[in-house]
Novice: 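This is the structure I have questions about; it appears just below.
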Amino acid sequence: MKTTHHHKNNSNNNITVQKIARKNKASSSKTTIVRVKNKHKSSKDSKPNSEFQENIPIPQINTTLIAFLNKNPILTKDFYQIDALDLAPRLLGKFLRRDDVVLQITEVEAYRPNDSACHGRFGKTVRTAPVFGPGGHAYVYLCYGLHMMLNVVADKEEVGAAVLIRSCAPISGLGTIQQRRGLKTEKPILLAGPGKVGQALGLSTEWSSHALYTAGGLELLDGPEPENILVGPRVGIEYALPEHVNALWRFAIAGSSWISAPKKTLRPL
DNA sequence: GAAAAGATTAAA
DNA sequence: TTAATCTTTTCC
């Protein structure tokens with residue numbers, strides 16, 4: 001999204017910090033590593049989607065992210081009072097926090113009024129009432145009888161719009177995340193997928209309508225804007241009208257490994 | 001009141 | 001590729 005300029009003598013402009021947490025194996029010293037990749041691809045970089053070149057251990061979490069979190073910049077209600085299609089990409093890079101768990105949003109989908117794939121398409125019901133409320137609240141629903149899907153309600157009162165959180169990257173609370181997921185891994189299988197995000201945050205439908213702009217419980221905090229964004233059609237809505245099936249309303253952070261399947265339908269914005 | 005389908009996941 | 005699992009919505 002943002003154009004990056006080259007600044008010589010500043011090595012920070014040549015790297016992109018991708019990932020933070022490392023499993024602390026119950027050892028006393030908390031070790032975090034940051035995976036760094038070179039933005040300037042050399043001719044030796046054969047693979048288009050080449051993974052990270054090296055793992056560099058550092059004593060602290062990414063300073064950029066720490067700065068955001070230390071400011072406690074909880075997003076205000078007015079941030080959400082816009083079209084879900086505008087809100088969706090703006091949620092990329094933001095942080096979800098509950099208890100000691102902090103997740104960075106890496107993949108989202110927009111659902112809107114007059115959208116044959118939106119849960120609001122049948123009008124306001126007990127389940128979907130939060131979708132028609134003012135932006136900034138959570139909409140959590142049970143999918144396939146198993147999975148808790150977290151949405152961020154968008155737009156103004158009476159507008160049925162929301163943004164599905166499809167994937168996140170773990171920022172802190174890895175132990176809690178792994179415990180809730182029942183998986184001891186830090187690979188994308190941990191958090192790439194909407195049901196996994198809901199599980200990692202310990203959500204249930206009781207969280208539906210929860211205000212994300214108030215302190216406590218589940219919060220949404222400001223975060224760094226991604227440099228590049230991928231777009232594609234939304235997942236799992238084959239029942240919808242063709243114009244909605246084909247709409248490019250899925251967004252993800254380019255270069256992130258925390259993206260759910262299918263990835264091949266995503267392309268640069 | 002019954003039946004079908006769903007913004008999915010993990011295991012085979 | 002398929003079972004798991006249950007609420008919501010639709011149809012009779």
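Order of the sequence lines sets the chain letters (A, B, ...), proteins ahead of strands, with each chain counted from 1.
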Novice: Keeping Y239(A) on the side-chain end and A117(A) on the backbone end, is there a donor-acceptor pair under 3.5 Å?
Specialist: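 Yes, the answer is positive, given that a donor and an acceptor are paired below the 3.5 Å cut-off.
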
Novice: Please step through side-chain contact (heavy atoms from CB on, under 4.5 Å) for the pair I237(A) and Y111(A), ending with a clear verdict.
Specialist: CA-CA 11 Å; I237(A) 57 163; Y111(A) 290 86; 3.8 Å; yes

Novice: So, do R180(A) and V101(A) sit near enough that their side-chain heavy atoms are less than 4.5 Å apart?
Specialist: yes

Novice: Using heavy atoms and a sub-4.0 Å distance, could you list which residues of residues 147-163 of chain A are near DNA chain B? By number, please.
Specialist: H147(A), M149(A), N151(A)

Novice: Check whether any side-chain N or O of H244(A) sits under 3.5 Å from a backbone N or O of N114(A) as a donor-acceptor pair, and report yes or no.
Specialist: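 Checking the backbone N and O of N114(A) against the side chain of H244(A), a donor-acceptor pair under 3.5 Å is found.
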
Novice: Look at the side chain of Q104(A) and the backbone N and O of I171(A), then say whether any donor-acceptor pair between them is shorter than 3.5 Å.
Specialist: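 The answer is no, because no donor-acceptor pair under 3.5 Å joins these two groups.
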
Novice: Report, one line per pair, each donor and acceptor closer than 3.5 Å where one atom sits in a side chain of residues 259-269 of chain A; sequence neighbours left out.
Specialist:
from    : atom 1 : to      : atom 2 : distance (Å)
S260(A) : OG     : E107(A) : OE1    : 3.0
S260(A) : OG     : E107(A) : OE2    : 2.9
S260(A) : OG     : R166(A) : NE     : 3.2
S260(A) : OG     : R166(A) : NH2    : 3.2
T265(A) : OG1    : R250(A) : NH1    : 3.4

Novice: With heavy atoms under 4.0 Å as the rule, sort R181(A) into base, sugar-phosphate or nothing.
Specialist: sugar-phosphate

Novice: Using Watson-Crick and G-U wobble pairs with both distances under 3.5 Å, what is the 5'-to-3' dot-bracket string of DNA chain B, with [ ] for crossing pairs and | for pairs outside the strand?
Specialist: ||||||.||||.

Novice: Considering all heavy atoms of both residues, which atom of A162(A) and which atom of N151(A) are nearest to each other, and what is their separation?
Specialist: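 Taking every non-hydrogen atom into account, CB-CB, 4.0 Å.
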
Novice: Is the NZ or CZ atom of R127(A) positioned over F122(A)'s six-membered ring, under 6.0 angstrom from the centre and within 45° of the axis?
Specialist: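 Cation-pi check for R127(A) and F122(A): fails.
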
Novice: Are side-chain N/O atoms of T125(A) and T128(A) paired as donor and acceptor at under 3.5 Å?
Specialist: yes

Novice: Tell me whether D78(A) at atom CG has more than 12 heavy atoms from other residues, nucleotides or ligands lying less than 6.0 Å away.
Specialist: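 Yes - once you tally the heavy atoms of other residues, nucleotides and ligands closer than 6.0 Å, there are more than 12.
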
Novice: Tracing side-chain links under 4.5 Å among I, L, V, M, F, W and Y, which residues wind up in one group with V126(A)?
Specialist: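 Other cluster members: none.
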
Novice: Could you verify whether a donor N or O on one side chain and an acceptor N or O on the other, from Q199(A) and R181(A), lie under 3.5 Å apart?
Specialist: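 Side chains of Q199(A) and R181(A): pair found under 3.5 Å.
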
Novice: Pick the closest DNA chain B nucleotide for K196(A) and for L164(A) by heavy atoms, then say which residue is nearer the 5' end.
Specialist: L164(A)

Novice: For a 4.0 angstrom threshold against heavy atoms of chain A, report the outermost contacting nucleotides of DNA chain B in 5' to 3' order.
Specialist: dG6(B) to dA10(B)

Novice: Is there side-chain contact between Y80(A) and V153(A), with heavy atoms separated by less than 4.5 Å?
Specialist: no

Novice: Write down the protein N/O and nucleotide N/O pairs, taken from nucleotides 5-11 of chain C, whose separation is under 3.5 Å; answer none if there are no such pairs.
Specialist:
from   : atom 1 : to      : atom 2 : distance (Å)
dT5(C) : O2     : Y144(A) : O      : 2.5
dT9(C) : OP1    : T125(A) : OG1    : 3.2

